[in-house]
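Have a look at the structure below, then the notes.
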Amino acid sequence: MIKFSDLNLDPKVLKAIIDTGYETPTPIQAGAIPPALEGRDVLGIAQTGTGKTASFTLPMITLLGRGRARARMPRSLVLAPTRELAAQVAENFDAYAKYTKLTKALLIGGTSFKEQDQLIDKGVDVLIATPGRLIDHFERGKLILSDVKIMVVDEADRMLDMGFIPDIERIFQMTPFTRQTLFFSATMAPEIERITNTFLSNPAKVEVARAATTGENIKQGVVMFEASSKARGEDEKRDLLIRLIDAEGDACSNAIIFCNRKSDVDVVAKALKKNGKNAEAIHGDLEQSHRTRTLDGFRDGSIRFLVASDVAARGLDIPAVTHVLNFDVPSHAEDYVHRIGRTGRAGRTGTAIMICSTRDEKNLADVERLVQNPIPRLDNPLSRATPPTTTSPVDDVDASREDRPRRSRTRGPRKAVPDVDTGADATAPVDVAAPVAEPVVAVIDMAPVMAEVAAPQPDAIVPDRQPRDAQQRDGGSRSDRPARGPDRTAERSSPERRERDTTPHRGRDHQRGGHDNVIGMGADTPEFIAKSFAERSTS
DNA sequence: AAAAAAG
(Lines give C-alpha, C1' and ligand atoms only; values in the text may rest on other atoms or scores of the structure.)
Protein backbone atom coordinates (compact mmCIF):
# COMPACT_ATOMS: atom_id res chain seq x y z
CA MET A 1 0.00 0.00 0.00
CA ILE A 2 1.43 3.30 -1.08
CA LYS A 3 1.85 5.92 1.61
CA PHE A 4 2.19 9.67 1.48
CA SER A 5 5.76 9.25 2.62
CA ASP A 6 6.49 7.35 -0.61
CA LEU A 7 5.43 10.26 -2.75
CA ASN A 8 8.44 12.55 -2.62
CA LEU A 9 6.51 15.36 -1.05
CA ASP A 10 8.20 18.16 0.82
CA PRO A 11 8.87 17.00 4.42
CA LYS A 12 6.99 20.06 5.65
CA VAL A 13 3.98 18.99 3.65
CA LEU A 14 4.27 15.46 4.98
CA LYS A 15 4.34 16.79 8.49
CA ALA A 16 1.14 18.73 7.85
CA ILE A 17 -0.46 15.65 6.35
CA ILE A 18 0.40 13.69 9.47
CA ASP A 19 -1.30 16.37 11.52
CA THR A 20 -4.48 15.79 9.57
CA GLY A 21 -4.26 12.10 10.34
CA TYR A 22 -3.93 10.82 6.81
CA GLU A 23 -1.54 8.06 5.90
CA THR A 24 -2.55 6.67 2.60
CA PRO A 25 -3.37 8.74 -0.44
CA THR A 26 -6.65 8.25 -2.22
CA PRO A 27 -6.48 6.85 -5.76
CA ILE A 28 -6.62 10.26 -7.40
CA GLN A 29 -3.86 11.49 -5.10
CA ALA A 30 -1.68 8.47 -5.71
CA GLY A 31 -2.23 8.85 -9.43
CA ALA A 32 -1.86 12.60 -9.81
CA ILE A 33 0.83 13.55 -7.31
CA PRO A 34 3.83 11.73 -8.85
CA PRO A 35 3.44 13.14 -12.38
CA ALA A 36 2.63 16.57 -10.94
CA LEU A 37 5.86 16.47 -8.94
CA GLU A 38 7.74 15.57 -12.11
CA GLY A 39 6.47 18.78 -13.59
CA ARG A 40 4.05 17.11 -15.95
CA ASP A 41 0.63 18.35 -16.85
CA VAL A 42 -2.11 16.31 -15.24
CA LEU A 43 -5.60 15.64 -16.49
CA GLY A 44 -7.60 14.34 -13.56
CA ILE A 45 -11.02 12.92 -14.18
CA ALA A 46 -12.63 12.79 -10.82
CA GLN A 47 -15.46 14.31 -8.91
CA THR A 48 -15.45 15.67 -5.43
CA GLY A 49 -15.33 13.27 -2.55
CA THR A 50 -12.33 11.56 -4.08
CA GLY A 51 -9.64 13.63 -2.41
CA LYS A 52 -9.14 15.74 -5.47
CA THR A 53 -8.18 18.98 -3.76
CA ALA A 54 -5.18 17.50 -2.02
CA SER A 55 -4.09 15.87 -5.26
CA PHE A 56 -3.17 19.32 -6.53
CA THR A 57 -2.48 21.28 -3.33
CA LEU A 58 0.15 18.84 -2.04
CA PRO A 59 2.37 18.81 -5.15
CA MET A 60 1.79 22.53 -5.62
CA ILE A 61 3.12 23.35 -2.18
CA THR A 62 6.04 21.01 -2.71
CA LEU A 63 6.94 22.50 -6.07
CA LEU A 64 6.62 26.06 -4.83
CA GLY A 65 8.62 25.28 -1.74
CA ARG A 66 11.92 26.67 -2.90
CA GLY A 67 11.06 29.93 -4.61
CA ARG A 68 9.66 33.00 -3.03
CA ALA A 69 6.79 35.33 -3.75
CA ARG A 70 7.26 38.54 -5.70
CA ALA A 71 4.98 41.52 -5.58
CA ARG A 72 1.97 41.24 -7.88
CA MET A 73 3.40 38.17 -9.53
CA PRO A 74 1.85 35.07 -8.07
CA ARG A 75 3.61 31.84 -8.92
CA SER A 76 0.56 29.67 -9.02
CA LEU A 77 -3.10 29.96 -9.68
CA VAL A 78 -6.09 27.81 -8.76
CA LEU A 79 -9.44 28.43 -10.44
CA ALA A 80 -12.69 27.16 -8.99
CA PRO A 81 -16.23 27.68 -10.27
CA THR A 82 -17.90 28.92 -7.12
CA ARG A 83 -16.82 31.11 -4.25
CA GLU A 84 -17.48 28.39 -1.73
CA LEU A 85 -15.28 25.94 -3.58
CA ALA A 86 -12.50 28.47 -3.87
CA ALA A 87 -12.74 29.13 -0.14
CA GLN A 88 -12.58 25.42 0.48
CA VAL A 89 -9.39 25.09 -1.55
CA ALA A 90 -7.92 27.99 0.41
CA GLU A 91 -8.73 26.21 3.64
CA ASN A 92 -6.96 23.10 2.38
CA PHE A 93 -3.97 25.11 1.30
CA ASP A 94 -3.68 26.68 4.75
CA ALA A 95 -3.73 23.30 6.41
CA TYR A 96 -1.09 21.72 4.20
CA ALA A 97 1.15 24.76 3.91
CA LYS A 98 1.21 25.56 7.59
CA TYR A 99 4.85 24.57 8.07
CA THR A 100 5.96 26.50 5.01
CA LYS A 101 6.30 30.20 4.44
CA LEU A 102 4.06 30.14 1.41
CA THR A 103 1.38 32.77 1.20
CA LYS A 104 -1.94 32.82 -0.56
CA ALA A 105 -4.72 35.16 -1.55
CA LEU A 106 -8.33 34.20 -2.06
CA LEU A 107 -9.81 36.24 -4.89
CA ILE A 108 -13.56 35.82 -4.95
CA GLY A 109 -16.46 38.11 -5.64
CA GLY A 110 -18.76 39.44 -3.01
CA THR A 111 -15.86 40.54 -0.85
CA SER A 112 -13.88 43.73 -0.87
CA PHE A 113 -11.08 44.37 -3.31
CA LYS A 114 -9.02 46.25 -0.78
CA GLU A 115 -7.85 43.32 1.25
CA GLN A 116 -7.19 41.24 -1.85
CA ASP A 117 -5.24 44.08 -3.46
CA GLN A 118 -3.05 44.45 -0.43
CA LEU A 119 -2.15 40.78 -0.48
CA ILE A 120 -1.38 40.84 -4.19
CA ASP A 121 0.80 43.92 -3.75
CA LYS A 122 2.73 42.25 -1.00
CA GLY A 123 3.23 39.21 -3.18
CA VAL A 124 1.64 35.80 -2.86
CA ASP A 125 2.72 32.35 -3.90
CA VAL A 126 -0.73 31.01 -4.52
CA LEU A 127 -3.78 32.71 -5.92
CA ILE A 128 -7.05 30.93 -5.41
CA ALA A 129 -9.83 32.52 -7.40
CA THR A 130 -13.16 32.43 -9.14
CA PRO A 131 -12.79 33.49 -12.78
CA GLY A 132 -14.78 36.71 -12.65
CA ARG A 133 -12.91 38.29 -9.79
CA LEU A 134 -9.55 37.19 -11.13
CA ILE A 135 -10.20 38.83 -14.49
CA ASP A 136 -11.45 41.90 -12.70
CA HIS A 137 -8.16 42.22 -10.80
CA PHE A 138 -6.23 41.58 -13.98
CA GLU A 139 -8.06 44.26 -15.90
CA ARG A 140 -7.35 46.78 -13.21
CA GLY A 141 -3.74 46.11 -13.95
CA LYS A 142 -3.09 45.06 -10.40
CA LEU A 143 -2.10 41.58 -11.24
CA ILE A 144 0.64 40.14 -13.40
CA LEU A 145 0.27 36.53 -14.38
CA SER A 146 3.44 36.14 -16.42
CA ASP A 147 5.23 34.42 -13.57
CA VAL A 148 2.64 31.67 -13.06
CA LYS A 149 4.42 28.34 -12.94
CA ILE A 150 1.49 26.16 -12.00
CA MET A 151 -2.13 26.64 -12.93
CA VAL A 152 -4.94 24.47 -11.61
CA VAL A 153 -8.42 24.31 -13.07
CA ASP A 154 -10.81 22.60 -10.71
CA GLU A 155 -14.28 21.33 -11.60
CA ALA A 156 -13.88 22.21 -15.25
CA ASP A 157 -17.15 20.59 -16.26
CA ARG A 158 -18.95 22.80 -13.82
CA MET A 159 -17.18 25.80 -15.31
CA LEU A 160 -18.51 24.67 -18.64
CA ASP A 161 -22.07 24.48 -17.32
CA MET A 162 -21.70 27.93 -15.92
CA GLY A 163 -20.40 29.42 -19.13
CA PHE A 164 -16.93 30.09 -17.76
CA ILE A 165 -15.02 28.38 -20.49
CA PRO A 166 -14.29 31.57 -22.45
CA ASP A 167 -12.99 33.12 -19.23
CA ILE A 168 -10.85 30.08 -18.56
CA GLU A 169 -9.41 30.28 -22.05
CA ARG A 170 -8.64 33.93 -21.50
CA ILE A 171 -6.91 33.18 -18.24
CA PHE A 172 -4.92 30.40 -19.86
CA GLN A 173 -3.75 32.94 -22.39
CA MET A 174 -2.82 35.41 -19.67
CA THR A 175 -0.39 32.92 -18.18
CA PRO A 176 2.85 31.77 -19.83
CA PHE A 177 2.48 28.69 -22.00
CA THR A 178 5.43 27.24 -20.16
CA ARG A 179 3.32 26.81 -17.07
CA GLN A 180 2.46 23.42 -15.67
CA THR A 181 -1.26 22.74 -15.79
CA LEU A 182 -3.27 20.52 -13.49
CA PHE A 183 -6.76 20.15 -14.86
CA PHE A 184 -9.68 18.44 -13.17
CA SER A 185 -13.09 17.59 -14.48
CA ALA A 186 -15.72 15.03 -13.54
CA THR A 187 -16.55 14.37 -17.16
CA MET A 188 -14.91 14.84 -20.52
CA ALA A 189 -17.52 16.71 -22.52
CA PRO A 190 -16.36 17.58 -26.05
CA GLU A 191 -15.77 21.19 -25.09
CA ILE A 192 -13.62 20.12 -22.13
CA GLU A 193 -11.74 17.79 -24.40
CA ARG A 194 -11.05 20.66 -26.77
CA ILE A 195 -9.70 22.83 -23.96
CA THR A 196 -7.41 20.12 -22.65
CA ASN A 197 -6.13 19.41 -26.15
CA THR A 198 -5.36 23.08 -26.58
CA PHE A 199 -3.88 23.99 -23.23
CA LEU A 200 -2.40 20.82 -21.80
CA SER A 201 0.78 19.25 -23.00
CA ASN A 202 1.16 15.48 -22.93
CA PRO A 203 -0.77 15.26 -19.67
CA ALA A 204 -0.69 12.31 -17.36
CA LYS A 205 -4.28 11.17 -17.33
CA VAL A 206 -5.66 9.94 -14.06
CA GLU A 207 -9.21 8.78 -13.84
CA VAL A 208 -11.10 7.76 -10.79
CA ALA A 209 -14.40 6.02 -11.15
CA ARG A 210 -17.26 7.74 -9.47
CA ALA A 211 -17.32 7.02 -5.77
CA ALA A 212 -21.03 6.44 -5.77
CA THR A 213 -22.71 6.96 -9.08
CA THR A 214 -26.05 6.86 -7.48
CA GLY A 215 -24.67 4.62 -4.86
CA GLU A 216 -26.21 1.48 -3.59
CA ASN A 217 -25.95 3.05 -0.19
CA ILE A 218 -28.32 5.81 -1.19
CA LYS A 219 -31.96 4.93 -0.93
CA GLN A 220 -33.85 6.82 -3.53
CA GLY A 221 -37.47 7.57 -4.13
CA VAL A 222 -39.64 9.99 -6.02
CA VAL A 223 -43.09 11.23 -5.16
CA MET A 224 -45.23 12.17 -8.11
CA PHE A 225 -47.06 15.35 -7.37
CA GLU A 226 -50.01 16.92 -9.10
CA ALA A 227 -51.55 20.06 -7.72
CA SER A 228 -55.26 20.04 -7.05
CA SER A 229 -55.38 23.40 -8.74
CA LYS A 230 -52.95 25.86 -10.19
CA ALA A 231 -53.55 28.31 -7.40
CA ARG A 232 -52.95 25.76 -4.68
CA GLY A 233 -49.99 24.08 -6.33
CA GLU A 234 -47.17 25.97 -4.68
CA ASP A 235 -48.57 25.62 -1.20
CA GLU A 236 -49.36 21.97 -1.66
CA LYS A 237 -45.89 21.21 -2.87
CA ARG A 238 -44.37 22.82 0.20
CA ASP A 239 -46.82 20.95 2.42
CA LEU A 240 -45.81 17.76 0.71
CA LEU A 241 -42.16 18.50 1.39
CA ILE A 242 -42.85 19.02 5.06
CA ARG A 243 -44.85 15.81 5.22
CA LEU A 244 -42.00 13.93 3.61
CA ILE A 245 -39.49 15.36 6.05
CA ASP A 246 -41.71 14.57 9.01
CA ALA A 247 -42.22 11.03 7.77
CA GLU A 248 -38.49 10.49 8.02
CA GLY A 249 -38.56 11.44 11.67
CA ASP A 250 -35.37 11.44 13.72
CA ALA A 251 -33.53 9.49 11.06
CA CYS A 252 -33.37 12.77 9.21
CA SER A 253 -30.84 14.48 11.41
CA ASN A 254 -29.70 16.93 8.76
CA ALA A 255 -30.75 17.45 5.20
CA ILE A 256 -30.17 19.52 2.13
CA ILE A 257 -33.28 20.54 0.24
CA PHE A 258 -32.54 21.45 -3.34
CA CYS A 259 -34.76 23.75 -5.38
CA ASN A 260 -34.26 24.71 -9.00
CA ARG A 261 -35.03 28.36 -8.44
CA LYS A 262 -33.59 30.83 -6.00
CA SER A 263 -37.04 32.24 -5.36
CA ASP A 264 -38.22 28.79 -4.31
CA VAL A 265 -35.21 28.39 -2.06
CA ASP A 266 -36.31 31.48 -0.16
CA VAL A 267 -39.97 30.52 -0.02
CA VAL A 268 -39.29 26.94 1.03
CA ALA A 269 -36.84 27.99 3.72
CA LYS A 270 -39.42 30.40 5.06
CA ALA A 271 -42.11 27.70 5.03
CA LEU A 272 -39.87 25.28 6.91
CA LYS A 273 -39.07 27.92 9.52
CA LYS A 274 -42.72 28.70 9.89
CA ASN A 275 -43.26 25.01 10.45
CA GLY A 276 -40.82 25.21 13.34
CA LYS A 277 -37.89 23.69 11.53
CA ASN A 278 -34.32 24.84 11.87
CA ALA A 279 -33.75 25.81 8.26
CA GLU A 280 -31.69 28.36 6.35
CA ALA A 281 -31.46 29.27 2.70
CA ILE A 282 -28.37 29.41 0.56
CA HIS A 283 -28.16 30.61 -3.04
CA GLY A 284 -26.18 32.96 -5.20
CA ASP A 285 -28.28 36.06 -4.60
CA LEU A 286 -27.53 36.10 -0.90
CA GLU A 287 -24.70 38.16 0.37
CA GLN A 288 -21.44 36.30 0.48
CA SER A 289 -20.95 36.77 4.20
CA HIS A 290 -24.40 35.34 4.74
CA ARG A 291 -23.66 32.37 2.49
CA THR A 292 -20.49 31.65 4.40
CA ARG A 293 -22.23 31.91 7.74
CA THR A 294 -25.05 29.62 6.68
CA LEU A 295 -22.72 26.99 5.32
CA ASP A 296 -20.62 27.09 8.47
CA GLY A 297 -23.75 26.72 10.55
CA PHE A 298 -24.86 23.71 8.55
CA ARG A 299 -21.44 22.16 8.88
CA ASP A 300 -21.26 22.59 12.62
CA GLY A 301 -24.77 21.31 13.11
CA SER A 302 -26.38 24.50 14.32
CA ILE A 303 -28.50 24.49 11.16
CA ARG A 304 -30.37 21.29 10.46
CA PHE A 305 -31.96 21.97 7.10
CA LEU A 306 -30.09 23.68 4.32
CA VAL A 307 -32.39 24.86 1.57
CA ALA A 308 -30.17 25.34 -1.44
CA SER A 309 -29.92 26.13 -5.10
CA ASP A 310 -27.40 24.22 -7.15
CA VAL A 311 -24.72 26.48 -5.71
CA ALA A 312 -24.44 23.72 -3.12
CA ALA A 313 -24.98 20.79 -5.44
CA ARG A 314 -21.41 20.04 -6.28
CA GLY A 315 -18.08 20.01 -4.72
CA LEU A 316 -18.90 21.37 -1.33
CA ASP A 317 -17.24 19.43 1.40
CA ILE A 318 -20.20 19.02 3.66
CA PRO A 319 -20.18 16.30 6.26
CA ALA A 320 -22.34 13.42 5.18
CA VAL A 321 -25.93 14.48 5.44
CA THR A 322 -28.58 11.91 6.16
CA HIS A 323 -31.05 13.18 3.59
CA VAL A 324 -31.21 15.00 0.32
CA LEU A 325 -34.63 16.23 -0.64
CA ASN A 326 -35.15 17.42 -4.16
CA PHE A 327 -37.99 19.88 -4.12
CA ASP A 328 -37.73 19.91 -7.92
CA VAL A 329 -36.33 17.50 -10.42
CA PRO A 330 -33.09 19.09 -11.58
CA SER A 331 -33.30 20.20 -15.17
CA HIS A 332 -29.79 18.99 -15.89
CA ALA A 333 -29.95 15.28 -15.22
CA GLU A 334 -26.35 15.10 -14.08
CA ASP A 335 -27.14 17.53 -11.30
CA TYR A 336 -29.28 14.81 -9.77
CA VAL A 337 -26.20 12.69 -9.26
CA HIS A 338 -24.31 15.61 -7.80
CA ARG A 339 -27.14 16.59 -5.51
CA ILE A 340 -27.80 13.16 -4.05
CA GLY A 341 -24.06 12.64 -3.82
CA ARG A 342 -24.18 14.99 -0.82
CA THR A 343 -25.55 12.05 1.15
CA GLY A 344 -24.57 8.43 1.54
CA ARG A 345 -20.91 9.23 1.30
CA ALA A 346 -18.32 6.48 1.65
CA GLY A 347 -20.45 3.61 2.67
CA ARG A 348 -22.71 5.52 4.99
CA THR A 349 -26.32 5.18 4.13
CA GLY A 350 -28.25 8.12 2.84
CA THR A 351 -31.72 8.85 1.66
CA ALA A 352 -32.65 10.87 -1.39
CA ILE A 353 -36.27 11.77 -1.92
CA MET A 354 -37.50 13.84 -4.80
CA ILE A 355 -40.75 15.53 -5.65
CA CYS A 356 -41.73 15.38 -9.28
CA SER A 357 -44.52 17.64 -10.41
CA THR A 358 -46.29 17.13 -13.69
CA ARG A 359 -44.12 19.48 -15.66
CA ASP A 360 -40.95 17.87 -14.30
CA GLU A 361 -41.79 14.46 -15.73
CA LYS A 362 -39.60 14.90 -18.74
CA ASN A 363 -36.69 15.84 -16.51
CA LEU A 364 -37.39 12.78 -14.41
CA ALA A 365 -37.20 10.58 -17.47
CA ASP A 366 -33.84 12.18 -18.27
CA VAL A 367 -32.57 11.48 -14.77
CA GLU A 368 -33.66 7.86 -14.91
CA ARG A 369 -32.04 7.42 -18.26
CA LEU A 370 -28.83 8.84 -16.89
CA VAL A 371 -28.69 6.70 -13.77
CA GLN A 372 -29.89 3.73 -15.80
CA ASN A 373 -32.39 2.81 -13.17
CA PRO A 374 -35.96 3.68 -12.43
CA ILE A 375 -36.37 5.72 -9.29
CA PRO A 376 -38.95 3.97 -7.15
CA ARG A 377 -42.26 5.78 -6.88
CA LEU A 378 -43.29 6.62 -3.37
CA ASP A 379 -46.76 7.20 -2.11
CA ASN A 380 -47.85 10.79 -2.01
CA PRO A 381 -48.87 11.23 1.62
CA LEU A 382 -51.01 14.22 0.73
CA SER A 383 -53.15 12.54 -1.85
CA ARG A 384 -53.89 9.71 0.54
CA ALA A 385 -54.73 11.88 3.52
CA THR A 386 -56.71 14.52 1.70
CA PRO A 387 -58.95 13.27 -1.06
CA PRO A 388 -58.80 15.74 -3.89
CA THR A 389 -61.57 18.28 -4.04
CA THR A 390 -63.46 18.54 -7.26
CA THR A 391 -64.79 22.03 -7.43
CA SER A 392 -64.23 23.27 -10.92
CA PRO A 393 -64.48 21.22 -14.08
CA VAL A 394 -60.82 21.88 -14.79
CA ASP A 395 -59.74 20.71 -11.39
CA ASP A 396 -61.95 17.71 -11.73
CA VAL A 397 -59.85 16.32 -14.50
CA ASP A 398 -56.67 16.85 -12.59
CA ALA A 399 -58.07 15.51 -9.40
CA SER A 400 -59.29 12.24 -10.79
CA ARG A 401 -55.97 11.76 -12.41
CA GLU A 402 -54.27 12.36 -9.11
CA ASP A 403 -56.07 9.43 -7.58
CA ARG A 404 -54.84 6.75 -9.84
CA PRO A 405 -51.32 5.48 -9.87
CA ARG A 406 -49.43 7.90 -12.01
CA ARG A 407 -46.77 5.52 -13.00
CA SER A 408 -49.16 3.67 -15.28
CA ARG A 409 -49.41 6.78 -17.35
CA THR A 410 -45.99 8.27 -16.99
CA ARG A 411 -43.83 5.25 -17.14
CA GLY A 412 -45.41 3.36 -19.96
CA PRO A 413 -44.01 -0.11 -20.42
CA ARG A 414 -41.57 0.06 -17.55
CA LYS A 415 -43.31 -2.31 -15.16
CA ALA A 416 -40.35 -3.72 -13.41
CA VAL A 417 -40.10 -1.08 -10.71
CA PRO A 418 -40.71 -2.42 -7.24
CA ASP A 419 -44.27 -1.64 -6.37
CA VAL A 420 -44.05 0.60 -3.39
CA ASP A 421 -47.61 1.76 -3.47
CA THR A 422 -49.14 -1.28 -1.87
CA GLY A 423 -47.14 -2.31 1.14
CA ALA A 424 -47.55 -0.95 4.63
CA ASP A 425 -44.02 0.26 4.35
CA ALA A 426 -44.88 2.15 1.25
CA THR A 427 -43.21 5.39 2.21
CA ALA A 428 -39.87 3.77 2.80
CA PRO A 429 -37.58 4.47 -0.11
CA VAL A 430 -36.49 1.41 -1.94
CA ASP A 431 -32.92 0.58 -2.63
CA VAL A 432 -32.55 1.00 -6.33
CA ALA A 433 -29.68 -1.39 -6.37
CA ALA A 434 -32.23 -4.16 -5.96
CA PRO A 435 -32.32 -6.24 -9.11
CA VAL A 436 -34.79 -5.03 -11.65
CA ALA A 437 -36.28 -7.59 -13.93
CA GLU A 438 -36.66 -5.50 -17.02
CA PRO A 439 -34.41 -2.83 -18.49
CA VAL A 440 -35.72 0.65 -17.99
CA VAL A 441 -35.11 2.17 -21.34
CA ALA A 442 -33.39 1.30 -24.51
CA VAL A 443 -29.70 2.00 -24.69
CA ILE A 444 -29.16 5.65 -25.27
CA ASP A 445 -25.90 7.38 -25.90
CA MET A 446 -24.89 8.81 -22.58
CA ALA A 447 -21.39 9.58 -23.65
CA PRO A 448 -21.46 13.33 -23.42
CA VAL A 449 -23.27 13.29 -20.15
CA MET A 450 -21.29 11.21 -17.79
CA ALA A 451 -18.11 9.47 -18.67
CA GLU A 452 -17.62 7.71 -15.42
CA VAL A 453 -20.97 6.04 -15.28
CA ALA A 454 -19.54 3.78 -17.90
CA ALA A 455 -16.05 3.76 -16.45
CA PRO A 456 -14.71 0.30 -17.01
CA GLN A 457 -13.90 -2.09 -14.22
CA PRO A 458 -14.22 -0.14 -11.01
CA ASP A 459 -11.46 -1.10 -8.63
CA ALA A 460 -9.21 -2.16 -11.44
CA ILE A 461 -6.06 -0.36 -12.40
CA VAL A 462 -5.71 -0.37 -16.13
CA PRO A 463 -2.13 -0.15 -17.25
CA ASP A 464 -0.99 2.78 -19.36
CA ARG A 465 -1.54 2.26 -23.01
CA GLN A 466 1.75 3.88 -23.63
CA PRO A 467 4.60 2.63 -21.50
CA ARG A 468 5.72 5.27 -19.04
CA ASP A 469 9.28 5.37 -20.33
CA ALA A 470 7.98 5.84 -23.85
CA GLN A 471 6.02 8.84 -22.67
CA GLN A 472 9.05 10.23 -21.02
CA ARG A 473 11.16 9.81 -24.09
CA ASP A 474 8.67 11.83 -26.06
CA GLY A 475 11.20 14.35 -27.27
CA GLY A 476 11.41 17.63 -25.46
CA SER A 477 8.44 16.89 -23.29
CA ARG A 478 8.43 18.21 -19.82
CA SER A 479 8.47 14.77 -18.33
CA ASP A 480 12.12 14.24 -19.05
CA ARG A 481 13.24 17.44 -17.54
CA PRO A 482 13.87 17.88 -13.87
CA ALA A 483 10.98 19.41 -11.99
CA ARG A 484 12.95 22.49 -11.17
CA GLY A 485 15.83 22.28 -13.57
CA PRO A 486 17.89 25.35 -14.28
CA ASP A 487 17.32 25.25 -18.03
CA ARG A 488 13.64 24.70 -17.67
CA THR A 489 12.52 27.94 -19.18
CA ALA A 490 14.69 27.60 -22.22
CA GLU A 491 13.53 24.10 -22.79
CA ARG A 492 9.93 25.03 -22.43
CA SER A 493 10.18 27.72 -25.02
CA SER A 494 11.29 25.24 -27.63
CA PRO A 495 9.41 25.29 -30.94
CA GLU A 496 8.38 21.70 -30.35
CA ARG A 497 6.71 22.68 -27.17
CA ARG A 498 4.94 25.52 -28.87
CA GLU A 499 3.80 23.25 -31.62
CA ARG A 500 2.34 20.77 -29.21
CA ASP A 501 0.42 23.49 -27.53
CA THR A 502 -1.45 24.42 -30.63
CA THR A 503 -1.77 21.22 -32.62
CA PRO A 504 -5.43 20.35 -32.42
CA HIS A 505 -5.19 16.62 -32.95
CA ARG A 506 -2.35 16.02 -30.62
CA GLY A 507 -2.78 13.23 -28.16
CA ARG A 508 -5.16 10.60 -29.36
CA ASP A 509 -5.10 9.12 -25.92
CA HIS A 510 -7.07 12.11 -24.76
CA GLN A 511 -10.13 10.62 -26.28
CA ARG A 512 -12.73 9.00 -24.18
CA GLY A 513 -12.02 5.37 -23.67
CA GLY A 514 -8.31 5.87 -24.04
CA HIS A 515 -7.69 6.62 -20.41
CA ASP A 516 -4.28 6.12 -18.99
CA ASN A 517 -5.40 5.19 -15.57
CA VAL A 518 -8.82 4.19 -14.43
CA ILE A 519 -8.95 3.70 -10.76
CA GLY A 520 -12.09 2.78 -8.94
CA MET A 521 -13.05 3.95 -5.51
CA GLY A 522 -16.13 1.80 -5.33
CA ALA A 523 -16.79 0.15 -2.03
CA ASP A 524 -13.18 0.61 -1.00
CA THR A 525 -13.66 4.28 -0.36
CA PRO A 526 -11.79 5.11 2.81
CA GLU A 527 -14.08 6.27 5.54
CA PHE A 528 -12.34 9.58 6.08
CA ILE A 529 -13.41 10.74 2.67
CA ALA A 530 -16.93 10.98 3.97
CA LYS A 531 -15.80 13.46 6.53
CA SER A 532 -15.57 17.14 5.97
CA PHE A 533 -12.21 18.76 5.96
CA ALA A 534 -12.82 20.24 9.38
CA GLU A 535 -13.86 16.89 10.78
CA ARG A 536 -10.71 15.29 9.51
CA SER A 537 -8.48 17.98 10.90
CA THR A 538 -9.88 17.72 14.36
CA SER A 539 -9.91 13.94 14.56
C1' DA B 1 -36.34 28.17 -17.42
C1' DA B 2 -32.70 28.74 -13.98
C1' DA B 3 -28.28 28.73 -11.59
C1' DA B 4 -23.54 30.34 -11.04
C1' DA B 5 -19.97 34.49 -11.46
C1' DA B 6 -18.18 40.63 -12.00
C1' DG B 7 -20.55 44.82 -10.81
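Just so we're on the same page: letters track the sequence lines, and every chain starts at 1.
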Partner residues of [X] under the side chain to side chain donor-acceptor pair (under 3.5 Å) criterion, sequence neighbours left out:
{"X": "A:Asn278", "result": "none"}
{"X": "A:Asp125", "result": "A:Arg75, A:Thr103"}
{"X": "A:Glu191", "result": "A:Arg194"}
{"X": "A:Asp296", "result": "none"}

Once you apply a heavy-atom cut-off of 4.0 Å, does [X] come out as touching a base, just sugar-phosphate, or nothing?
{"X": "A:Ser331", "answer": "base"}
{"X": "A:Gly110", "answer": "sugar-phosphate"}
{"X": "A:Asp310", "answer": "nothing"}
{"X": "A:Arg291", "answer": "sugar-phosphate"}
{"X": "A:His332", "answer": "base"}
{"X": "A:Arg158", "answer": "nothing"}

Option from A:Asp264, A:Val265, A:Leu286 for which side-chain contact (heavy atoms from CB on, under 4.5 Å) with A:Ser309 holds: A:Val265
Span of DNA chain B, from the first to the last nucleotide whose atoms fall under 4.0 Å of chain A heavy atoms: B:dA1 to B:dG7
Within residues 121-149 of chain A or reaching into it, pairs that qualify as ring-ring contact (aromatic ring centres under 6.0 Å, His included) - sequence neighbours excluded: A:Phe113-A:His137
